[in-house]
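Heads up, the thing below is written out as structure tokens.
Whatever order the structure lists them in is the order used to number ligands and atoms, beginning at 1. Side-chain atoms are counted along with the backbone in the values below, which use heavy atoms only and exclude waters and symmetry mates.
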Amino acid sequence: MQSKNWIGGEWIIPSGQEVTVKNPSRITEEVGVLRLSDSSHVFAAEQAARLAQKSWAELTGAARGEILFQMASALETHADDLARLASQEMGKQIGEMRGEVARGVNLLRYYAGEGMRSNGNLIPSADTNVLQYSRRVPLGVVAVITPWNFPVAIPIWKIAPALICGNTVIWKPAEHGALTATRLAEIFAETKLPAGVLNLVIGKGRQIGNTLIEEAKIDAVSFTGSTDTGKQIAVGCAGRNIKYQTEMGGKNAAVVLADADLDKAVPILLSGAFRSAGQKCTATSRIIVEKAIYQPLVERLQTAMAALRVGEASDHGAYLGPVASAAQYETVGKYVSLANEQARLVAESPAAAVADQGYFIRPMIVEGVDASHALVQEEVFGPLAVLLAADGFEEAVELCNQSVYGLSASLFTRDLASAHRFLDLAQAGMVRVNQETAGVEYQAPFGGMKLSSSHTREQGQAALDFYSEIKTCAIKYAW
Ligand code: NAD
């Protein structure tokens, strides 16, 4: 397969640099070829999006919603082939990848329905002859910049609310998800989506991203990715006074109190830490345990870890696949070396039977480092979690909050009072009890505190606040 840009309804193959995409489960296998764009493609997409925006915004919400329903049906029809491609491209285990595509279908339907819901409020006026109300209006052309770790769901949770609000979109996916992005655009091209409403430009983050942020006439940016890139984007957007949303890194803690049901907590902890090979912004990477149950929890984790199977992403029985790329393998590998040198191994899963053929990393849990150590403070974005002991609830919460990030946090307990106190005290945008740090539902707001986010929220109704502006209208009808 070859990547292509989709601009103004036309398929364009850039003549720039060619990059061969290798399957991270079998690095000798070629999945396809990327053709990287240059700035001229960004400007072409900007023109196409600008040209399409007025008539798209003039459609009724119901008409835009109908097209989103078509996009959902088209995606549902091609769900299996898209999931297979994404799994080959970035290594997410096939069962999980199918779940991600299903989330994409649901998100499209959820936002399609918004076309028929209220988009404003009637506001009483001090003057009896004045009708006053607020309504949402679109921002215009929105740039959507996405990472590789959720190559289907993240783009859709930005594109769907952007479109239903009447915006047009220029989408720049990560290079490691660019084949999946091309296929997704092909699927959407089967619908009645008008030309130029959604435009896809594939290329290098720095070049395409910088042109988008610094030069193209866009009205807003929604970005998900690393904190460093997000901060740069925020500065660029603030300088132009355009609306921006940056969803960034995490170092999520799961706290296990002494009264928790350990048998139920352990599989949830492992799923939070190791599904998607730990490459979720909401992955559990710190497990904070009350001392009284430290040893019993360790024993259960050891038993459960011994049964986790790492395998090819296409393997239906594998718990996790490889990490996504050579770059990820190298970065996570550095943290694994650091853990081997400076921490103590608590539990490890067996190596993949096919370990030599791809970017496979054995999931591991370590202990014996203090709360300021790099393994406890830095985002690893791989299958490595750190155990920390706490003297009681207060210390556990303190450790949980001792982070520059604040995306997601969980507590395991049977005590309702502790649950409520944790929900109050944890400094995270998403706080959960007896559940994974990952897996927040699409109809609920998604986002973080501190360095995890620009303090806006995605998904649910919150996304509509980002992709629209409020206009206050007042009519004096008798005077
Ligand atoms: P990244 O920052 O390297 O890239 C993200 C996107 O930004 C890619 O499309 C990339 O090409 C583009 N980009 C890179 N440099 C750019 C620039 N100068 N200007 C504009 N765009 C640029 O991140 P990644 O490695 O793809 O993703 C992993 C990171 O994403 C992790 O830190 C993870 O925590 C984070 N993430 C956060 C969330 C969330 O919702 N908070 C969700 C998923 C992933």
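- Considering only non-hydrogen protein atoms, atom 15 (N) of ligand 1 sits nearest to Thr229 CG2, 3.4 Å.
- Closest to atom 34 (O) of ligand 1 among all protein heavy atoms lies Glu379 OE2, 2.5 Å.
- Residue contact check for ligand 1: Phe150 places no non-hydrogen atom closer than 4.0 Å to it.
- Between Ser410 and Gln435, the side chains place no donor N or O within less than 3.5 Å of an acceptor N or O (distance only, hydrogens not considered).
- Under 3.5 Å, the side chains of Gln461 and Tyr110 contain a donor-acceptor pair of N or O atoms.
- Ligand-side atoms of ligand 1 in range of Leu407: 41 (N), range being under 4.0 angstrom from any heavy atom.
- Each of the following atoms of ligand 1 lies closer than 4.0 Å to a heavy atom of Thr224: 5 (C), 36 (N), 37 (C), 38 (C), 39 (C), 40 (O), 42 (C), 43 (C), 44 (C).
- Remark: side-chain polar atoms of Tyr319 are paired, donor with acceptor, to backbone N or O of Ser271 under 3.5 angstrom.
- There is a protein heavy atom closer than 4.0 angstrom to atom 30 (O) of ligand 1.
- Among protein heavy atoms, atom 2 (O) of ligand 1 sits closest to Ser226 OG, 2.6 Å.
- Annotation: atom 42 (C) of ligand 1 to nearest protein heavy atom, Cys281 SG, 2.8 Å.
- The part of Ile233 lying near ligand 1 is the side chain, judged by heavy-atom distances below 4.0 Å.
- Residue Gln232 approaches ligand 1 through these ligand atoms, each under 4.0 Å from one of its heavy atoms: 18 (N).
- Counting only heavy atoms of the protein, atom 9 (O) of ligand 1 lies nearest to Thr146 O, 2.7 Å.
- At the shortest separation from atom 40 (O) of ligand 1 among protein heavy atoms lies Phe446 CE2, 3.1 Å.
- Panel note: side chain Trp56, backbone Leu163; a donor-acceptor pair is recorded below 3.5 Å.
- Below 30°, between 30° and 60°, or above 60°: for Phe381 and Trp148 the angle between ring planes is above 60°, a perpendicular geometry.
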(request) List the steps and the verdict of side chain to side chain contact (heavy atoms under 4.5 Å, CB included) for Thr246 and Lys231. (result) CA-CA 8 Å; Thr246 52; Lys231 279 162 52 181; over 6 Å; no
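- Of all atoms in ligand 1, numbered sequentially from 1 with element shown, those under 4.0 Å from a heavy atom of Pro173 are 9 (O).
- Remark: the backbone N or O of Gly8 is paired with a side-chain donor or acceptor of Asn199 at under 3.5 angstrom.
- Side-chain contact annotation: His176 with Gln328, donor-acceptor N/O pair under 3.5 Å absent.
- Geometrically, Arg457 does not engage Phe446 in a cation-pi contact defined by less than 6.0 Å to the ring centre and at most 45° from the axis.
- Geometric assessment of Lys92 against the ring of Phe150 yields a positive cation-pi assignment under the 6.0 Å and 45° thresholds.
- Judged by distance alone, the side chains of Glu29 and Gln357 never bring a donor and an acceptor atom under 3.5 Å apart.
- Numbered from 1 in the order shown, with element, the atoms of ligand 1 that lie under 4.0 Å from a heavy atom of Glu247 read 37 (C), 39 (C), 40 (O), 41 (N).
- Of the candidates Ala174, Gly205, Gly447, the one placing a heavy atom closest to atom 13 (N) of ligand 1 is Gly205.
- Asp370 and Ser372 share a side-chain donor-acceptor pair at under 3.5 Å.
- Here Trp157 and Phe466 keep their ring centres 6.0 angstrom or further from each other.
- Each of the following atoms of ligand 1 lies closer than 4.0 Å to a heavy atom of Gly209: 19 (N), 20 (C), 21 (N).
- If you check which protein heavy atom lies closest to atom 27 (O) of ligand 1, you get Pro147 CB, 3.4 Å.
- For atom 41 (N) of ligand 1, the closest heavy atom belonging to the protein is Met248 O, 2.7 Å.
- The contact set between ligand 1 and Ile154, taken as ligand atoms under 4.0 Å from a residue heavy atom, comprises 42 (C), 43 (C).
- Every atom of ligand 1 with a heavy atom of Asn149 under 4.0 Å away is listed here by number and element: 43 (C), 44 (C).
- Of the polar atoms of Trp148, at least one N or O is found under 3.5 Å from an N or O of ligand 1, judged by distance alone.
- Residue-to-ligand polar distances place Lys172 within reach of ligand 1: an N/O pair is separated by less than 3.5 Å.
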